[in-house]
Structures are given as C-alpha cells and as structure tokens.
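Below is one structure, written out as structure tokens; the observations come after it.
Since this is a predicted model, take the numbers as computed values, not measurements. Note that the numbering runs from 1 along the sequence shown for the chain.
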Amino acid sequence: MGALGVCFDPGWFSTPEDELPKMRAAGATWIRVVLKPDRVHQRLFMKAHELGMKVLAVHTIASDFESGFSTSVARYRERYKNLIDIYAVGNEPDQDPSAAESSDIMAPVDLSARILQARRLLPDIPLCAAGFSSGQPEWLRRVAAAALACLDYIDFHAYGRWPGEAPVLASNGDAWGFGPVGPLIAGYAAYGKPLIVSEYGAPADELLNPGRYMSEMTAKLGSDPRIAVATAFTWRGVAGFYFNDQDGAPTVYLDAFRAGAEMAKKLALAKTAAAPDKPVTGEAQMPEDTFVIDPETRVYIAALGWTPRSDYVVAGGGGYVLCTEGQVWYINSDGTYQSYPKA
C-alpha cells in the first residue's frame, strides 16, 4: 500500500515536533512541509525520522532566497543534508492565471528549468513535481521531456474529487466536486511515474458528511498501488480545511483519517491476497439472509473493483463479506480469504 501523511505548517505551533507523535498515532508516516528561507526545521525533521516518519519538502517560488532558485536549493541541501526524503519542485504551477491567486503559477518551460537545476544539485534525493491542481494531466505534455525524465514521482492535488463513482453530496443535496478521482489518477499515471497526492481534503461548510469523505478518500488513495504517498490537508485549519483536534477544529477529521488509514491497509492486503478468479472453495454454507447493509463495507468492496450481486454485505469479526453471483467471499482482516458456494 501507499504511505499516508499530513500537510504540516510548523509555523502554527510553538513546538511543532510535539505534533509528530499525534500524527504517527493516527497512521501518518509522512509530513509535507513547505520550505521557507527564514525557518529552520532540523529539529522537526530529525524528530520525524526518529519516529519512523519521512519528510516531503516543497520548494515553492516563496521558498527562494533573494539569490535565486539554484542557490536556494544548494542552501537547503546544506541546511537539511540527509533529512529530506523527497524534494518537491513547485506547487500548483498549472493554475489559470486569470482565475487563481497562487504566487506559484509558472510556465512549463520555467518549471522544466527548475526541475533540471534541482536534479543537478540534488543527485541523490528523489524529486517530484509539482502539486498539479488544474485537473488537467495533459498540462505535463508541455514540460520538457528531459525534465520529466529527471522526476522520480509526479505530484498532484485531488481536491473536489470523489473516492468512488457515486457523487458526493453537498450540504444542499446537490452533487459536489468534479467527479471520481479514478480518471485523474489514471491521467497522471500515464506518464509512467509513481504518484504522490500531496493535498486532498474536504471543506466542512460544503459537505454534508466531511468525516466520511475524508475516511473514504484516505482509504482510496492509501490503497491504490499507483500512489506512493498521499498527504491530507492540513494538520491545522487553513482556508476552510481542517485536520486537527484543537482550536475548535472538528475531531471527526482526525478520526476519519485514522479510520481511512486502517481501511487502506485492509484494502491493500485484499487487493494482493484476494483474487476472485482463484477461489479457495470450502464446504460451509453462508445463507444470504444473514447479511446486513453496511455502507462503509460497500465502499470497501467498490474500491476492490468488484461488483456485488446485491447490497447485502457485512463487516464483522475482523473481516468483510461479499455476495457475488453464486459465491460468497469472506475476506479476513489479514488479507487472506475463503469463498463458499451460495446456499
């Protein structure tokens, strides 16, 4: 399975390293931090590594020292040495300049130049780019082929996407967002690189059930084999998104992330261990009328890519049950499975 983490702005906290054990307890193994010239995070990054966490460091236009990009990369290299696990070049460069306020919008040729310079200066650190957020994977076709070849990962944002095929409802009952996340993942995966979803989240004032959305999206992204890392936005409330249990932010987001991380583990195990075309057939009979409708398990089954014969699925006993045509599948919590002929 892919790794899960959180976007983190250390500037919100007087002792940011104290937040790391809370993140780790919730299932996060990565922190995503935007580099800034006037902030030094050695202690934070060292503590993260001590806890078994990794660091995704983001170099935006605002990360530049006055001396320019190349010198800035070299200075961050000396400042953090081996404390950065992935170096991200850029953030949301593909936004429409006429419709966005981001200071990180840049032309593909400029992004290409930055990627090439970063690779020259950081030959041993994995690179990703660039927090793409327009929802248009074809934008990358305008990035120089040599620059794309330098990347170890492609990094994009998944705001406004649905975990599954079913629409997510807004608080007024209308469909919210821009459609399923699946096609977006496929579009970026077509470039042949592992993926990083560096920002995803849910605005509490728009969604009817933001907690459910966060848990389902975390499970979806964390279990997709094409995604290496997914980091939720954000550990503290910014621009209407919340992910912490302090200062009035809803704890449901923290609980939802934790639940999604656990579901992602089960999904990843089931995808590798449970194969419907290679069943293990037993003698026991499992009558359908013992099953109950469970929406969360329905999401789990849908994420496996299976089509249930009915909505009758049940979660219990540390595993999951699926009714298919003529068969009943029992998926254990460790990813092993058994199947039985339907009674």
**Message:** Between Arg119 and Asp152, does any side-chain N to carboxylate O distance fall below 4.0 Å?
**Reply:** yes
**Request:** Begin with the C-alpha distance, continue with both residues' side-chain angles, and end with the deciding distance and a verdict on side-chain contact (heavy atoms from CB on, under 4.5 Å) for Cys128 and Leu56.
**Result:** CA-CA 9 Å; Cys128 72; Leu56 170 58; 3.9 Å; yes
**Request:** Kindly say whether Ile86 contributes a backbone atom to a donor-acceptor pair with the side chain of Lys54 at under 3.5 angstrom?
**Result:** no
**Test side chain to side chain donor-acceptor pair (under 3.5 Å) applied to Thr218 and Ser215, step by step** = CA-CA 5 Å; Thr218 298; Ser215 64; over 6 Å; no
**Asked** Is the closest basic N to carboxylate O distance between Asp64 and Arg114 below 4.0 Å?
**Response** yes
**Request:** Could you tell me whether the side chain of Asn91 and the main chain of Thr60 form a donor-acceptor pair under 3.5 Å?
**Result:** no
**Asked** Within the distance-only criterion (no hydrogens, no angle test), does the side chain of Glu92 pair as donor or acceptor with the backbone N or O of Asp104 below 3.5 angstrom?
**Response** no
**Request:** Measure up the Tyr80 and Tyr76 rings against each other and bin them: parallel (under 30°), tilted (30 to 60°), perpendicular (over 60°).
**Result:** parallel
**Request:** Determine the sole option in Tyr200, Phe132, Tyr188 for which the ring pair (Phe, Tyr, Trp, His ring centres under 6.0 Å) test with Phe156 is passed.
**Result:** Tyr188
**Item:** Closest approach of Asp9 to Arg39 (non-hydrogen atoms, all atoms of both residues)
**Value:** OD1-NH1, 2.8 Å
**Asked** Any donor-acceptor pair under 3.5 Å linking the side chain of Ser112 with the backbone of Val143?
**Response** no
**Request:** Determine whether Val33 and Tyr87 fall in the same hydrophobic cluster, where Ile, Leu, Val, Met, Phe, Trp and Tyr are linked whenever their side-chain heavy atoms lie under 4.5 Å apart.
**Result:** yes
**Message:** Determine whether a donor-acceptor pair (N or O, by modelled atom type, separation under 3.5 Å) exists between the side chain of Thr29 and the backbone of Leu4.
**Reply:** yes
